[in-house]
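The structure under discussion appears below in the form of C-alpha cells.
We name chains A, B, ... by the order of the sequence lines, and we start the count at 1 in each one.
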Amino acid sequence: MADQSVMCWFPNGELNYDSSAVDTLFFVEERVISGANGFSSVTFTYPAYTGQRLVPFLVSPFQNGDVEGYIILSCEITYSNGVPTVRVYVEYPSSSLPRADGLLTVMYSGRGT
Amino acid sequence: MGYALVTSNVSNGISIDSTLRSYVYLGKVAIPEYNDTGANKFDITFGCAGYPLVFVQLPYALTGSGDAAGLQVGNQGMPLTQRYGVAMVALRSAGTNTWTATVISNRPTDGGYTTPLGFFIRIFGRLDLNYPGGSDDPLTARSWADDGSNALIFDGGYRMLKLAGATYAAEALLEERYPGYDAYTDLVNKYDTSQDLGFDLSGKSICANARTSLFPPYEYGSYVDFDTNQIVHQTVIQYINSLYWANGSTLYVRKVSYNYRYQEFFGAYASGYSGLQPTKTRVAIIDNSKFP
C-alpha cells in the first residue's frame with residue numbers, strides 16, 4: 001500500500017476502492033473515422049502526453065450500414081520521440097468497395113511509456 | 001478554482017487525477033441465449049451519455065473452446081466454424097444517450113458444444129457525463145475537476161473502472177493472411193494469436209472497444225463485359241471476426257470467418273494483396289466480481 005491513498009468502503013463493508021491498487025483508463029478523445037475513399041491511413045499525434053502511455057481502441061463499423069459492409073482494418077500506437085502517435089489503417093480506399101466507418105477512442109493509462 | 005487531487009498506485013500509475021476524466025460502472029446487460037449453431041449476432045441497447053466502454057465476458061475453458069479443428073480453406077471461403085468465442089463487432093449511437101452494441105458469438109456446429117449461459121456485457125461511461133444513480137452514499141470520497149468545469153471525476157460510492165491488471169500495454173497481434181492466396185499452414189498457424197497475461201482469466205471480461213471485424217477483399221476473377229467492353233473485376237469480401245476466449249492465464253484471439261459475398265466493379269483493380277495490415281488489438285481486462 002502506498003503511504004497515502006484514497007480508500008472507500010460500501011456500507012456493507014466491501015472495500016470498493018483503494019487508489020494504491022487501481023489501474024484504470026482515462027478519457028483523452030474520441031474521433032469518428034469515416035470516408036468513402038481517398039485515404040489509406042490517418043495519423044493523430046498527442047504531444048501533450050509525451051512520455052506517457054496511451055491506449056487506442058477502435059470500433060468498426062461505428063455508425064453506418066450493416067456490420068459486414070464497411071472496412072477499417074487496424075489501429076496501432078507508436079511513440080516517435082516519446083510522442084504518442086495513433087495510426088488508423090484503411091484497406092482498399094476505393095469508392096468501389098465498402099466505406100471506412102469507425103470510432104477511435106484514445107485513453108490514457110496513467111503511466112509512462 | 002478547486003483543489004487538485006492526484007493519487008498513484010503502487011506501480012506509480014495515476015489512479016485519480018482531478019485534471020482527467022474517469023469512468024464509472026453503469027451496469028451489465030445479458031447477452032441473449034440462443035440455440036443456433038454458427039455465428040450469431042445480437043443487438044443490445046443500453047443507455048450511456050457519451051461514448052461507452054463495453055467489456056464482454058470472456059468465455060473460459062468452455063467445452064470445445066480449445067478446438068482448432070475445422071479450418072477449411074476453399075477457393076470461395078474459409079469457414080472457421082469449429083471454434084467458440086465472443087466479441088463486439090459494432091457499436092452505434094441509437095439516439096440521445098442510447099447505444100446499440102452488436103455482439104457476435106460463435107458456437108461450433110458440431111461436437112455437442114454448450115450454449116453460453118449467463119454471459120454479460122458490462123458498460124462503463126464517463127463519470128462527468130453519467131451519474132449511476134441508486135444509493136447516494138453521503139459518507140464517501142468525491143472529487144471534482146479543478147479546471148473550472150466542476151465535473152465530478154471520482155465518487156467512492158460507485159464502482160469506478162478498475163482493471164484486473166496493467167494489461168493495456170499488451171497488444172494482441174493478428175497477422176494478415178489471405179484465403180486463397182497464403183499457404184494453408186500459414187492460415188492455420190497465424191490466424192490466431194494468444195498471450196499469457198500472467199493472471200487467471202476465469203471470471204473476467206475484456207474491453208470490446210476493439211476492432212475485431214475484418215473484411216479482406218481479394219480478387220476472385222475478372223471477365224470482359226461485352227455490353228460495355230470493360231473489364232469487370234470480381235472481388236470476394238471475406239467476413240472475418242476476431243473472437244476472444246480464455247484458458248488459464250492465456251488470452252486467445254481467434255479468427256472466425258462466417259460468410260463471404262461477391263462484389264463486381266469496373267475499372268482498374270485498386271490494389272493487390274499487399275495492403276492488408278495486421279490487426280493490433282489493445283487489451284484491457286476487468287474482474288467481473290468487482291462489477292456485479
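- Annotation for Thr7(B) and Val6(A): closest pair CG2-CG2, 3.8 Å, computed over non-hydrogen atoms.
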Kindly determine whether Tyr108(A) and Leu20(B) satisfy side-chain contact (heavy atoms from CB on, under 4.5 Å), including the steps that lead there. CA-CA 9 Å; Tyr108(A) 172 41; Leu20(B) 300 171; 3.7 Å; yes
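- Separation of atoms CG (Asn209(B)) and CE (Met107(A)) is listed at 8.5 Å; rounding is to 0.5 Å.
- Across Ser15(B) and Ser19(A), no two heavy atoms sit closer than the pair OG-O, 2.7 Å.
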Please walk me through it: do Phe10(A) and Arg159(B) pass side-chain contact (heavy atoms from CB on, under 4.5 Å)? CA-CA 10 Å; Phe10(A) 285 131; Arg159(B) 297 180 188 274; 3.3 Å; yes
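- Heavy atoms of Arg126(B) lying under 4.5 Å from chain A belong exclusively to its side chain.
- Residue Asn16(A) comes nearest to Lys162(B) through the heavy atom pair O-NZ, 2.9 Å, listed as atom of the first residue, atom of the second, then distance.
- For chain A, no part of Ile153(B) is nearby; none of its heavy atoms comes within less than 4.5 Å.
- Minimum heavy-atom separation, Asn9(B) to Asp23(A): ND2-OD1, 3.2 Å.
- Under 4.0 Å is where a charged nitrogen must lie from a carboxylate oxygen, and between Glu14(A) and Lys290(B) no such pair does.
- Cation-pi check for Arg21(B) over Phe27(A) is not met; the charged atom does not lie both under 6.0 angstrom from the ring centroid and within 45 degrees of its normal.
- When every heavy atom of Ile14(B) is checked against every heavy atom of Thr24(A), the shortest pair comes out as O-CG2, 4.2 Å.
- Here the CG-CG distance, from Leu161(B) to Leu25(A), works out to 5.5 Å after rounding to the nearest 0.5 Å.
- The minimum heavy-atom distance linking Arg111(A) with Ser11(B) is given by the pair NH2-CB, 3.3 Å.
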Could you walk me through whether Ile16(B) and Tyr17(A) satisfy the side-chain contact (heavy atoms from CB on, under 4.5 Å) test, starting with their C-alpha distance in whole Å, then the side-chain angles of each, then the deciding distance to 0.1 Å, before giving a yes or no? CA-CA 11 Å; Ile16(B) 303 172; Tyr17(A) 193 91; 3.3 Å; yes
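- Interface residue Phe154(B): only side-chain heavy atoms are found under 4.5 Å from chain A.
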